[in-house]
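Keep in mind that the numbers below use all heavy atoms, side chains included, and drop hydrogens, waters and symmetry copies.
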Amino acid sequence: MPRHSAYNPDYESLYSGIEITPDVLHVLRTSDRKMRYMEHQLKTERFVEDQEQRVAKFLPSRETSLDEMIEKEHRQFAAEQPSWEDELLHQELICRLHSAIKLLEQSERELILAIYFEGLTERQLACRAGLHHMTIHSRKIRILQKLKNLLKK
């Protein structure tokens, strides 16, 4: 009686409703062998000995997880740094923005510089100017729309 294991399953009991012919048995064994190869042999590193040359060769796994790639700092995908074209376009946009800011009136320019370049909040700016914070907010929205229109030109 044949011995059954995970590598030699009892196909007759697994597929009791199907007639197991030699051809079907051959296909089942072949597919199991392929599954073992895909599940285990591709994913494990191993040494192979060459008896004639008395050399052991290290065979790395052919499948690498993302965690393993990050750990070993292997890069499969393009770097997340922007390309030189993106950098050039970004620099051009910054130059256009500075030019548009220079076209604003003095009070508008001061408001935009205080909020976006000095890091002041609308409330801090309102206290400094003695205005309601919603007044500052509505001015900021109006100025940003004006900047947007200037940048479209």
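Under the 4.5 Å side-chain heavy-atom criterion for grouping Ile, Leu, Val, Met, Phe, Trp and Tyr, L151 is connected to L113 within one hydrophobic cluster. Both F117 and L104 belong to a single network of hydrophobic side chains, linked directly or stepwise wherever heavy atoms of I, L, V, M, F, W or Y lie under 4.5 Å apart. Using a 4.5 Å cut-off between side-chain heavy atoms of Ile, Leu, Val, Met, Phe, Trp and Tyr, with links allowed through other members, L111 and L97 fall into the same hydrophobic cluster.
When all heavy atoms are compared, the tightest approach of Q124 to G119 is OE1-O, 4.4 Å. The two residues A100 and L150 come nearest to each other via the heavy atoms O-CD1, 3.7 Å. Nearest heavy-atom pair, V24 versus E19, reported as atom, atom and distance to 0.1 Å: CG2-O, 4.4 Å.
The number of heavy-atom neighbours closer than 6.0 Å to NE2 of H133, taken from other residues, nucleotides and ligands shown, is above 12. Within a 6.0 Å sphere centred on CZ of R123, heavy atoms belonging to other residues, nucleotides or ligands number 12 at most. Counting non-hydrogen atoms of other residues, nucleotides and ligands closer than 6.0 Å to CZ of R128 gives a total of 12 or fewer. Within a 6.0 Å sphere centred on CD of Q91, heavy atoms belonging to other residues, nucleotides or ligands number more than 12.
Contact annotation: the side chain of Y116 never approaches that of I101 to less than 4.5 Å [non-hydrogen atoms, C-beta and beyond]. Counting heavy atoms from C-beta outward, S83 and D86 have side chains that approach closer than 4.5 Å. Side-chain contact between L144 and I112 is present, with heavy atoms from C-beta onward closer than 4.5 Å.
R139 places no side-chain N or O within donor-acceptor distance of the main-chain N or O of E108, the cut-off being under 3.5 Å. A donor-acceptor contact shorter than 3.5 Å links the side chain of S31 to the backbone of V27.
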task = List the steps, then state whether side chain to side chain contact (heavy atoms under 4.5 Å, CB included) holds for K146 with E105.
result = CA-CA 11 Å; K146 187 176 180 179; E105 295 176 17; 4.2 Å; yes
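Interatomic distance, SG of C127 versus CD of E122, reported as 12.0 Å (0.5 Å rounding). One distance of note links CG of L131 with CD1 of I136; it measures 5.0 Å at 0.5 Å rounding. L93 contributes atom CG, which lies 8.5 Å from atom CG of L89 (distance to the nearest 0.5 angstrom). Note that CZ of R96 is 11.5 Å distant from CG of L147, once rounded to the nearest 0.5 Å. Taking CD1 from I20 and NE2 from H26, the interatomic distance works out to 14.0 Å, rounded to the nearest 0.5 Å. Note: T135 OG1 to H137 NE2 = 11.0 Å, rounded to the nearest 0.5 Å.
A donor-acceptor contact closer than 3.5 angstrom links the side chains of Q106 and R109.
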